[in-house]
Amino acid sequence: MNQPLMSNTSVDHLSAECFDLERHTLDNGLQVVLHRDPTLPLVALNIWYHVGSKNETPGRTGFAHLFEHLLFQGSENVGTNDHFRYIQQAGGVANGSTWYDRTNYYEVLPTHYLDLGLWLESDRMGFFLPAITQEKLDNQREVVINERRQKMDNQPYGRAFERLHELLYDEAHPYRWPVIGYVDDLEAATLDDVREFFGTFYVPSNAVLTLAGDIDYDRALGRIEHFFGAIPAGRPSELPSAPPHARDRDERREVLNDDVQLPRIYMAFQVPAYGQDAWYAADLLCAVLTEGKSSLLYEDLVYRRQLAQDIGCYVFPTELTATFALVSTAKPGVEPAELEAAIVEHLERVAREPIAAEHFERAVNQRLADHYSQLQTLDRRADLLSLFTTFFDDPAAVAREVERYHALDPGDLTALAQDRLAGRNGAVVTVVPRDAVPRGGAGVE
Amino acid sequence: MGPAVDRARPPSPGRLREFAFPEFRHTRLDNGLGVLAARVPRVPLASLQVLLPAGGQYGSLDAPGLASLHGGLLDEGTRERSALEIAHQVESLGGSLVSGAGWNMAYVEAGTLSRHRESALELLAEVIRTPELPVDEIERLRRERLAEILRRRGQPGSLAERVFAAVVYRDTVYGRPLIGTEESLERLDQDSLRSFYRRQIGPGGSTLIAVGDLDPEESISLVSDAFGDWRQLAAPEPPSIEAPALAGTQVHIVDRPGSAQVQLQLGHACVSRQHPDFPQMTLLNTIFGGKFTSRINLNLREKHGFTYGAQSYFARRSGPGPFVIRAAVATDVAGAAVGELLFELRRIREEPVSREELKETQDYLVGVFPYTLQTIDGLAKRLEALAVFDLPLDYYDSYPGVLAQIDENQVLRAAREHFDPENLAIVAVGPAEELRPQLEGFGPVTVHQP
């Protein structure tokens, strides 16, 4: 299936090679996406396993990510530290990451090492279990606990996101706990857990393999069949269910004391999942609010009134629902309650009054440039193709991202703000310097 | 079914497809402005960047932060337009404009859809040639930086960095924070900023780099239109920075009671980017701490589980930049981790690296080179190094070959000459009470407050 780019960006020249692609499914259910771009003598391999922290259960959090670490500890034919060694000897790069919905593994290699990448990935998909030992589990558990300390526990504001999600999502919601997990749960993980998890989720029918770069379609498909074809199929994972968004619930708030110098506010709301029109509206609204010096909130709160040192906003591209978060650090001497009130006023205004065409067009142009920018690398393109196949069963939809933004108008942003942001039914975490007692609105629970 | 899969050993590689460094154009306008231009097809974006001889190294000891504040102010208003007017114009087209300063150079960079290249270039010229450095923007950025200094005081990595620089570089410009200090920021005013501008900024010593979906010839002609009549009196002299050697190893603890972890930073002043041993040092550092399978990461992370990761690097500076080893480790193993790091540092100076280790590192660095050139920014960074460090224009054509020819004795010589495990700074950010007994065996201990 060849997929030319749509006409909507005719003013910009995006080379057609950007999304020339083919799609196949092996007999064992492994989905394969091939994308040819011979500009550089490189090939990107990318595998998405449709499993992330949302497939865990309370008391067993952090397991998907710990498991990702273990998958770099060798397989039947690959020694403990040899995965990276082989890749680096070949002049390649490799890594993996775990998120709410998925775990990905990727390599970028000089084209003539394609077989090496396929051998490594197929060996751990098909022959991982014989290589796993208690010692490896214990070692990587320590590494992950240190990762958690380094990124969260020993960072100023490091626990805020964890609390924000715990407040935003109810007990039963799969996005409630942090991807990296809680230390007690990590301590409890056993080798039996590892075996069961592997057997359930690390199977061809629960994976998408994308190759992007300097490849020949027929030959590449043949090599994939060769290395992956005999691995037993297993079953695709089922989407965990999530309780529906409750519009009528009260805002949930918390104040955290931390070793910080400046107070910071974290606000979050639930918005529709990635792929829905409203998600794109939320994403554009983010750009309207905080992207660039001329964005609404930056210009007013950071530049003019100087209540905030910084402000940022993002929407996660997640599968069940999405988190819309807004983060802002107060200037020295500014009470967090004053900053929060100013932010809320803006959110209420965008829910009430039309967004100026100037702001809307700026946001669309910014997203256009962002989108082009991420298409520059083969690794990112491969990852996007795996994403669109996993979530939407449609890799070619990547090429329609720009259309999705163009299809909106300012009224869609207003409607999203009205529906999801103005109702004060989200979560707010205020981080304040230890021993400081904030005055005003931010009450302690 | 095809032939049976032989899984027992890694498949042998196919035929190498040769890679050549992308073509680029270089020229110098009559007024001295250097121009580097290259085309990166595929996505309709462009990066237009001017590098100016106004980095932190050109500052003075009594005014740390001057170069950085000056760099940050360049895009905050011109004779014609206010900071907000500039931002509105750039951002409405989906572009961006940033200015600032590193240690080597100041920069102004416009990112844009390539169809807006002409207006982006005109704006770039306006910002660089006629900045206003207005008083209210100076005040705003001053307050922003004071708050940033405050914020960094809560960050283990920034605390380690600040103390490390002060200990290693003492009374040289590298010993002061690039962003400045609370005292120095209070003193900087419009007069000092404008006089810094007059002294430093002009076409001499400056370079414009245009990379993206652009025709290089057209870029050069547009640059010539926008900058051709820019005049200056004299190009600024590059400074000479001498780093004083440490006498013995010193331990510096930044006391942070209750920390969940200890941030370690070890190292000393090392070579400048222009040093002829740079390729040997690149190999040496990659083996030691510059890749996932480096000696220190395999030791501290994979063998001991002390850390999520240990890395080393040496900074690319015109002067003698730092060689730095970093790791965030569990508090109760801080002493053991420092011991392992010093063990590895001594070992790499005592015995040559194995031929296999050298070969796989060479293959890695040579093989990964095209990967770093996929993006507009990736290529622009390489061209930037040509300009900043005055490297020959064919530098990247010969670079892979140069790396591949280095032998283990040259690596050993570089390690002996440029690594110094007996005279270095060990900085640890964490609870002093628990750290002192673990670290006092390595050298005299000084405890700092954040």
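Since this is a predicted model, take the numbers as computed values, not measurements. First the proteins, then the strands, lettered A, B, ... as listed; each starts at 1.
- Residue with the most contacts toward chain A among B/Thr112, B/Val366, B/Ile376, B/Leu146: B/Ile376 (heavy-atom pairs, distance under 4.5 Å).
- Heavy-atom distances place no part of A/Glu225 under 4.5 Å from chain B, backbone and side chain included.
- Among A/Pro156, A/Ser295, A/Gly222, A/Gly292, the residue making the largest number of heavy-atom pairs under 4.5 Å with chain B is A/Pro156.
- Of all the listed residues (A/Arg367, A/Arg141, A/Lys151, A/Glu361), the one sharing the greatest number of non-hydrogen pairs under 4.5 Å with chain B is A/Lys151.
- Using a 4.5 Å cut-off between heavy atoms, A/Leu378 contacts chain B through both its backbone and its side chain.
- Side chain of A/Gln376 to main chain of B/Val43: no donor-acceptor pair is present (N/O by atom type, distance under 3.5 Å, no hydrogens or angles).
- The CD atom of B/Glu302 lies 4.5 Å from the CG atom of A/Asn81; values are rounded to the nearest 0.5 Å.
- In this structure, the separation between CZ on B/Phe306 and CG on A/Asn139 is 11.0 Å, given to the nearest 0.5 Å.
- Formation of a donor-acceptor pair under 3.5 Å by the A/Asn365 side chain with backbone atoms of B/Ser92 is found in this model.
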May I have the step-by-step check of side chain to side chain contact (heavy atoms under 4.5 Å, CB included) for B/Tyr364 and A/Arg85, ending in yes or no? CA-CA 9 Å; B/Tyr364 168 53; A/Arg85 178 161 288 133; over 6 Å; no
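- Between chain B and the options A/Leu116, A/Asp310, A/Val302, A/Val78, the largest number of non-hydrogen pairs under 4.5 Å is found for A/Leu116.
- For A/Gln309 and B/Arg151, the side-chain atoms include no donor-acceptor pair closer than 3.5 Å.
- Using a 4.5 Å cut-off between heavy atoms, A/Glu358 touches chain B through its side chain atoms alone.
- Contact annotation for B/Glu137: only side-chain heavy atoms (C-beta onward) come within less than 4.5 Å of a heavy atom of chain A.
- For A/Leu40, the parts lying near chain B are the backbone and the side chain together; criterion is any non-hydrogen pair under 4.5 Å.
- Scanning all heavy atoms of the two residues, the minimum distance from A/Pro332 to B/Ala147 falls at CD-CB, 3.7 Å.
- The shortest distance between side-chain heavy atoms of B/Tyr371 and A/Asp379 falls below 4.5 Å.
- Within a 6.0 Å radius of CG in A/Asp27, other residues, nucleotides and ligands contribute 12 heavy atoms or fewer.
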Where do A/Glu76 and B/Arg7 land on the side chain to side chain contact (heavy atoms under 4.5 Å, CB included) test, with the steps shown first? CA-CA 9 Å; A/Glu76 186 169 340; B/Arg7 293 199 171 272; over 6 Å; no
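- Proximity of a side-chain donor or acceptor of B/Gln261 to a complementary backbone N or O of A/Gln150 within less than 3.5 Å is detected.
- The choice from B/Arg9, B/Arg153, B/Lys303 that makes the most heavy-atom pairs within less than 4.5 Å of chain A is B/Arg9.
- Taking 4.0 Å as the cut-off between side-chain N and carboxylate O, A/Lys293 and B/Glu91 do not count as a salt-bridged pair.
- Side-chain contact between A/Gln140 and B/Arg301: present, with at least one pair of heavy atoms (C-beta onward) separated by less than 4.5 Å.
- Residue A/Phe84 touches chain B through both its backbone and its side chain, counting heavy-atom pairs closer than 4.5 Å.
- Atom CG of B/Leu16 sits about 8.5 Å away from atom OH of A/Tyr113, to the nearest 0.5 Å.
- Your options are A/Asp214, A/Val364, A/Thr329, and the one with the most heavy-atom pairs under 4.5 Å with chain B is A/Asp214.
- Of the atoms belonging to A/Val108, it is side-chain heavy atoms, and not backbone ones, that fall under 4.5 Å from chain B.
- Partners of B/Thr361 under the side chain to side chain contact (heavy atoms under 4.5 Å, CB included) rule, at least two apart in sequence or in another chain, are B/Leu283, B/Thr286, B/Ile287, B/Lys291, B/Leu365.
- For chain B, the nearby parts of A/Thr377 are the backbone and the side chain; heavy atoms of each come within less than 4.5 Å.
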Verdict with supporting geometry, B/Arg42 and A/Asp37, side chain to side chain contact (heavy atoms under 4.5 Å, CB included): CA-CA 10 Å; B/Arg42 267 188 318 212; A/Asp37 176 353; 3.0 Å; yes
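- A/His69 NE2 to B/Tyr308 OH: the interatomic distance, rounded to the nearest 0.5 Å, is 5.0 Å.
- With hydrogens and angles left out, the side-chain atoms of B/Arg256 and A/Asn154 include a donor and acceptor closer than 3.5 Å.
- Under the 30°/60° scheme for interplanar angles, the aromatic rings of B/His88 and A/His359 are found to stand perpendicular.
- Neither the backbone nor the side chain of A/Thr80 comes within less than 4.5 Å of any heavy atom of chain B.
- The side-chain heavy atoms of A/Tyr372 and B/Leu113, taken from C-beta on, include a pair separated by under 4.5 Å.
- Looking at A/Gln155 and B/Gln155, their side chains come closer than 4.5 Å, going by heavy atoms from C-beta outward.
- B/Val329 touches chain A through its backbone: at least one of N, CA, C or O sits under 4.5 Å from a heavy atom, while the side chain does not.
- To the nearest 0.5 Å, atom CG of residue B/Leu45 and atom CG of residue A/Asp370 are 9.5 Å apart.
- With sequence neighbours excluded, the residues satisfying side chain to side chain contact (heavy atoms under 4.5 Å, CB included) with B/Ala330 are A/Asn146, A/Arg149, B/Asp332, B/Val333.
- When B/Gly14, B/Ser12, B/Ser96 are compared by the number of non-hydrogen pairs under 4.5 Å with chain A, B/Gly14 comes out ahead.
- Looking only at heavy-atom pairs under 4.5 Å with chain B, the residue among A/Asp153, A/Asp123, A/Asp138 that has the most is A/Asp123.
- When the candidates A/Gln261, A/Gln366, A/Gln88, A/Gln89 are compared by the number of heavy-atom contacts under 4.5 Å with chain B, A/Gln88 comes out ahead.
- Between A/Leu262 atom CG and B/Glu148 atom CD the span is 9.5 Å, to the nearest 0.5 Å.
- Considering only heavy-atom pairs separated by less than 4.5 Å from chain A, the leading option among B/Glu144, B/Arg152, B/Glu18, B/Lys359 is B/Glu144.
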